[in-house]
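This report concerns only the one structure given below.
Below, each value reflects all heavy atoms present in this structure, side chains not excepted, and no hydrogens, waters or symmetry copies. Letters go in sequence order (proteins before strands), and every chain restarts at 1.
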Number of protein chains: 2
Amino acid sequence: MPPVTADPVEVNLINALEDRGLRRTAARSAVTDRIERVSDAFTAEQLCRELPDVGRATVYRTIRHLVDAGALCKLPILDGAPMYSIARIEHHHHTICSRCGAVGEFRHSTVERVMRSLEKEIDGDIVGHRMEIFITCSSCLAKSEINSSSGNSSVSI
Amino acid sequence: MPPVTADPVEVNLINALEDRGLRRTAARSAVTDRIERVSDAFTAEQLCRELPDVGRATVYRTIRHLVDAGALCKLPILDGAPMYSIARIEHHHHTICSRCGAVGEFRHSTVERVMRSLEKEIDGDIVGHRMEIFITCSSCLAKSEINSSSGNSSVSI
DNA sequence: CTCACTATTGATATCAAGTATCAATTAAGA
DNA sequence: TCTTAATTGATACTTGATATCAATAGTGAG
Ligand SMILES: [Zn+2]
Ligand SMILES: [Zn+2]
Ligand SMILES: [Zn+2]
Ligand SMILES: [Zn+2]
């Protein structure tokens, strides 16, 4: 059975910036420290609120640098601001809880194998792919069992 | 070999709206006619520009109704406004040309089978998924062969 | 260590996408 | 035809994000 998770990568965001020739500054360290401390995915605005002493422009700029460096994933959200999460695994996909928004990473070799197999069938050259699995996470499941009750809101994609 | 495309569905957008109890109006017909005439994916703003006599609010509202009705797909775009395309196939995924933005639909039974198989390995209940394959479409490939030259700009996801 | 030079910062203005309001208009059924 | 509720669209507003640019702060040379 192929591994669902693999190769957790050591992350040091401020180093990722320095590797790109960017200076280590107080503002950037504040941003990267905060991101590393937060376990979950976040929006740029959330980060701005949590770092009132760092200018929004700097928060947005730093996020952009980190995405460019491949140290952060930008998750496309259908409605509202995109979310970001630390890229702990080289190539991977995300699980997103449709109730609480919790984001997880996973890798699955079968998925990648299927992607490669599509090469033959798709018109043009494949240059990449993206995939998200929407879930109800175990903690949300637990909560809804406590409150028993309510609806099975399924997500239509 | 499993089919890459399947079940093309007849689309009649104005009917899709009427089926939801919405009235057939001149403004809505103008919007749906336009969408049906445009083969490619489009943004809301594009549609507004092409329909200067329909108010933007109405364009946005109509698009929202069509997405709710499942007649339009909303494609999450990482940067900039989301794009919409007519849903011609029941459940499906998209190919997106990373050069020209052309959007295609496809279905592949293996992909769906793999998704189901992930149920066992992912923590929580799977309620849906989304997938996009980024390509260089055949027409862009043809163009770049004419101009010979240039770089294999690969997309990092 | 000091200086000069460039990168960085952040207040502010601006832009872009999209939604809320609400009076005027219009579709649709009796 | 007439009544009524749905729809429209000009306008103002919200939100997310970027552009500007003077002030500030790293960095490397001397
Ligand atoms: Zn959850
Ligand atoms: Zn993959
Ligand atoms: Zn193309
Ligand atoms: Zn699928």
TODO: Flag the pair B:Tyr84 / B:Leu47 as yes when at least one side-chain heavy-atom distance between them is below 4.5 Å, and no otherwise.
DONE: no
Open item on the list: Given D:dG16, D:dA6, D:dG26, identify the nucleotide with an atom nearest to the side chain of A:Arg23.
Closed with: D:dG26
- [ ] Using only heavy-atom distances, decide whether a donor-acceptor pair under 3.5 angstrom links the side-chain of A:Arg61 to the base of C:dG10.
- [x] yes
TODO: Report yes if a side-chain nitrogen or oxygen of A:Tyr60 is closer than 4.0 Å to either non-bridging phosphate oxygen (OP1 or OP2) of D:dT18; otherwise report no.
DONE: no
Task: Partner set under salt bridge (charged side-chain N to carboxylate O under 4.0 Å, His left out) for B:Glu119, not counting sequence neighbours - done: none
Task: Distance test, side-chain N/O of A:Arg24 to OP1/OP2 of C:dT8, below 4.0 Å - done: no
TODO: Using a 4.0 Å heavy-atom cut-off across all strands, classify A:Ala26 as base, sugar-phosphate, or nothing.
DONE: nothing
TODO: By nearest nucleotide on DNA chain C, pick out whichever of B:Glu45 and A:Thr58 is the more 5' one.
DONE: A:Thr58
Task: Electrostatic pair A:Arg34:A:Glu50 at N-O distance under 4.0 angstrom - done: yes
- [ ] Answer yes or no: does a side-chain N or O of A:Arg28 lie under 4.0 Å from OP1 or OP2 of C:dT9?
- [x] yes
Task: Phosphate OP1/OP2 of D:dG9 contacted by B:Arg56 side-chain N/O (<4.0 Å) - done: no
TODO: Report which part of the nucleic acid B:Asp79 touches: base, sugar-phosphate, or nothing (heavy-atom distance under 4.0 Å, all strands).
DONE: nothing
- [ ] For the pair A:His129 and A:His93, evaluate side chain to side chain donor-acceptor pair (under 3.5 Å) and give the outcome as yes or no after the intermediate values.
- [x] CA-CA 10 Å; A:His129 65 265; A:His93 302 287; 3.2 Å; yes
TODO: Compare side-chain N and O positions of B:Thr25 against OP1 and OP2 of D:dT7 and report whether any pair is under 4.0 Å apart.
DONE: no
Open item on the list: Let's see if you can work this out: which of C:dA20, D:dT18, C:dG18 has an atom nearest to the side-chain heavy atoms of B:Ala57?
Closed with: C:dA20
